[in-house]
J.: 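Got a structure here, written out as structure tokens. Questions coming.
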Amino acid sequence: MPSAPKRYQSPIGQAKVKRLKQPAPKRESRAGLYGRLWDKTAKGFLRASENALCVICRRKGRIEPAKCVDHITPHKGDPVLFWEATNWQGLCLSCHSRKTAQEDGGFGNPIRRPK
């Protein structure tokens, strides 16, 4: 019985296979800080009545529930600063996204360095 003819594989397809076989690049060490313990701690922080509303919205006279725990001073992977509760504030999703984009240089913003 004759064998099936070989299939043509384009050079582009071969390059894609090589890319898929390479290991994913390592993330920064701060990614390891966010886990089950952080989720539990953050939920407890937001449950407290003084942290239930977004800090930025409250300054502007709006009442918006806080959904995220934000690090006031970016921790940049420092576990001591990461777990420092006095460095936390409750923010709504839009305020947290806006603040993070401004600090990290997202959406074409220049990167802000903490003083």
J.: Specify whether Phe82 and Tyr34 have parallel, tilted or perpendicular ring planes, treating 30° as the upper limit for parallel and 60° as the lower limit for perpendicular.
T.: perpendicular

J.: Linking Ile, Leu, Val, Met, Phe, Trp and Tyr by side-chain heavy atoms under 4.5 Å, what else ends up with Val80?
T.: none

J.: Kindly indicate whether the side chain of Thr41, heavy atoms from C-beta on, has any atom under 4.5 Å from the side chain of Trp83.
T.: yes

J.: Hey, mind stepping through Trp88 and Asn51 against side-chain contact (heavy atoms from CB on, under 4.5 Å) and telling me if it holds?
T.: CA-CA 9 Å; Trp88 300 344; Asn51 304 320; over 6 Å; no

J.: So do the side chains of Thr100 and Arg98 get within less than 4.5 Å of each other, counting heavy atoms only?
T.: no

J.: CZ/Arg62 to SG/Cys92 distance, rounded to the nearest 0.5 angstrom?
T.: 7.0 Å

J.: Identify whether Leu33 and Phe45 are in the same connected component of the hydrophobic contact network (ILVMFWY, side-chain heavy atoms under 4.5 Å).
T.: yes

J.: Just how far is it from atom SG of Cys95 to atom NZ of Lys60, taken to the nearest 0.5 Å?
T.: 6.0 Å

J.: Listed by chain and number, what are the side-chain contact (heavy atoms from CB on, under 4.5 Å) partners of Asn87, not counting sequence neighbours?
T.: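 By the side-chain contact (heavy atoms from CB on, under 4.5 Å) rule, Asn87 matches His71, Ile72, Thr73, Leu81, Glu84.
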
J.: Quick one, Asp70 and Cys68 - any side-chain contact, counting heavy atoms below 4.5 Å?
T.: no

J.: Is there a side-chain contact between Arg59 and Ile56, using heavy atoms and a 4.5 Å cut-off?
T.: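 Counting from C-beta outward, Arg59 and Ile56 do come under 4.5 Å.
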
J.: Looking at Leu91, Ile63, Leu93, which one forms a side chain to side chain contact (heavy atoms under 4.5 Å, CB included) with Cys54?
T.: Leu91

